[in-house]
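Reckoned from all heavy atoms, side chains included, excluding hydrogens, waters and symmetry mates. Since we're looking at a predicted model, the values are computed, not measured.
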Amino acid sequence: MSGGWWCDGVRWPGQAPELGWSRGGDRRVSVLAYGAGIGFRALGERHCVGARGNVCPLGAVVPGRSTGGRCAECARLDRAHSVAADTMADDPRTYRVYLAWFGPGMVKVGITGEERGAARLREQGAVVFSWLGRGPLMAARRTEEVLRAALGVPDRIAYARKRAVRGRLPGAEERAAEVAELYGRVARLEGGGGPESLERLPLEVVDQAELFGIDRTPAPVRSVRELVDGGVVSGRLVAAAGPDLHLAVDGVGVVVLDTRLITGWDLAAVPDVPVHVGAGSDAAAGSKAGPDVSAGPKAGSDASASAEARLDASAKPGPDASRASGGEMRVPLIDIGGGGVQGGLF
């Protein structure tokens, strides 16, 4: 492995998506802006990203198509200490139960730590959501189980299914109505669908389509299957939902890049795709910025400037992004919803 920057994927701490970066013990972020260019080249092999802030002791090589980016041992360690593994029954924090809508007939139930607010919903790419209740971890878990058993509400929806419908969603009223209808069915269950220790929260439908930018951009036509050594990904960011970046590429259309596929790769900037998306910011303090989304560890402006980045329809890309090329894709692609692999590198 080289000593380059590794991307940790997309995070949604606030109203703007950010790319996380790491190099050794250095952690930085780049705030993304719609309309800006993104471009990088993958180098060498993909290596395990480790678990819980620890490097993989084996330095294991992992498959390019793996969305987890971890070897088997690190994956087990990471999950063993997660809320999803139910190994933290004595967790004293307050949790919230939510209904998340991703498309017609695609509503799931889930839980998240109350202190995280709606970050978990943005990370999953939930187009619409509403809170159901709040309370201790096991009460929240029990509510999930009741909804699965009594109403058939799943707790997981595959990202491939989310992407397949994201470009042809119904209107905002219809989206909200489906969430409200399910909320009503939950409320009519005995005990309101959960134990007494869970405080019921009123219906408040939140629509995130505008935040993601998916309500004003063309539907994606293909997605990146995997990165390969020397493969290039570049385009103009037009939308983002969960871990997915929607990149407009001349001659191809909108291509979805699942940023979980780029973790563990050494990434180099693409010289022909100048990029500037405001600035990166240090994840730990307000120091000078590190790598930008072109994957090079370049300095930027103050972190305070990047925090002001807005992702609205009128936002203009930085001066470098306005000169960005139409992008290119020299990695394997698959059709959205079709599952067919496009042969060769594109």
Side-chain angles (χ1 to χ4, degrees), residues 12 67-68 75-76 78-166 169-170 174-209 212 241-244 258 260 337:
W12 288 85
T67 54
R76 275 193 288 270
D78 186 68
R79 183 168 177 79
H81 295 278
S82 70
V83 173
D86 284 336
T87 58
M88 304 167 63
D90 58 347
D91 190 333
R93 295 175 296 173
T94 299
Y95 283 81
R96 287 201 172 201
V97 186
Y98 59 79
L99 294 175
W101 185 96
F102 301 91
M106 297 170 56
V107 184
K108 61 158 281 188
V109 60
I111 70 172
T112 183
E114 186 170 66
E115 75 280 1
R116 299 200 66 211
R120 181 63 178 152
L121 284 306
R122 295 188 290 271
E123 291 168 355
Q124 295 184 62
V127 181
V128 180
F129 74 90
S130 178
W131 301 115
L132 277 176
R134 62 186 295 273
L137 172 60
M138 297 318 291
R141 276 286 182 230
R142 175 59 181 163
T143 303
E144 277 190 312
E145 295 171 2
V146 170
L147 267 60
R148 283 198 299 269
L151 300 178
V153 183
D155 62 350
R156 297 182 184 183
I157 295 177
Y159 275 99
R161 293 185 60 203
K162 299 177 188 179
R163 295 184 192 110
V165 301
R166 195 178 291 156
L169 298 176
E174 186 175 340
R175 300 195 293 257
E178 188 169 349
V179 174
E181 189 275 334
L182 181 54
Y183 180 96
R185 291 172 60 199
V186 174
R188 290 190 292 272
L189 292 174
E190 182 177 355
E196 292 183 0
S197 55
L198 189 83
E199 175 190 350
R200 291 350 180 243
L201 294 175
L203 174 67
E204 185 176 347
V205 177
V206 178
D207 195 303
Q208 304 191 118
F212 293 153
D244 292 348
D258 183 342
R260 296 176 301 170

Q. Closest heavy-atom contact between Glu123 and Tyr159?
A. O-OH, 3.5 Å

Q: Identify the heavy atoms of Leu169 and Gly103 that sit nearest to each other, and give their distance.
A: CD2-CA, 4.1 Å

**Q.** Distance (rounded to the nearest 0.5 Å) between Leu121 CG and Arg116 CZ
**A.** 10.0 Å

Q: Check whether any side-chain heavy atom of Gln124 sits under 4.5 Å from a side-chain heavy atom of Lys108, and report yes or no.
A: yes

**Q.** Carboxylate-amine/guanidinium proximity below 4.0 Å for Asp244 and Arg166
**A.** yes

Q. Where the side chain of Arg122 meets the backbone of Trp12, is there a donor-acceptor pair that is under 3.5 Å apart?
A. yes

Q | Which atom of Arg96 lies closest to which atom of Arg134, heavy atoms considered | A | CG-CB, 4.0 Å

**Q.** Listed partners of Phe129 passing ring-ring contact (aromatic ring centres under 6.0 Å, His included), at least two apart
**A.** Trp131

Q | Other residues, nucleotides, ligands: >12 heavy atoms within 6.0 Å of Arg142 CZ | A | no

Q.
With a 3.5 Å distance limit and no angle check, can you tell me whether Thr94 reaches the backbone of Gly135 through a side-chain donor-acceptor pair?
A. no

Q: Taking the side chain as every heavy atom from C-beta outward, state whether Arg93 and Leu137 have any pair of such atoms under 4.5 Å apart.
A: no

Q) Tell me, do Leu147 and Leu132 make a side-chain contact under 4.5 Å, heavy atoms counted? A) yes

Q | Distance-minimising heavy-atom pair for Pro154 and Ile157 | A | CG-CG1, 4.5 Å

Q. Atom CZ of Arg120 and atom OH of Tyr95: how far apart are they, to the nearest 0.5 Å?
A. 11.5 Å

Donor-acceptor pairs are to be reported for all side-chain atoms of residues 181-190 against protein atoms at under 3.5 Å, with residues two or more places apart or in another chain.
| residue | atom | partner | partner atom | Å |
| --- | --- | --- | --- | --- |
| Tyr183 | OH | Leu201 | O | 2.5 |
| Tyr183 | OH | Leu203 | N | 3.3 |
| Arg188 | NH1 | Gly184 | O | 3.4 |

**Q.** Between OG1 on residue Thr143 and CZ on residue Arg141, distance to nearest 0.5 Å
**A.** 11.0 Å

Q.
Around atom CD of Glu115, are there more than 12 heavy atoms from other residues, nucleotides or ligands closer than 6.0 Å?
A. yes

Q | For Glu178 against Val107, the heavy-atom pair lying closest together | A | OE2-CG2, 3.9 Å

Q.
How close do Ser197 and Pro136 get, counting heavy atoms only, and between which atoms?
A. O-CD, 3.5 Å

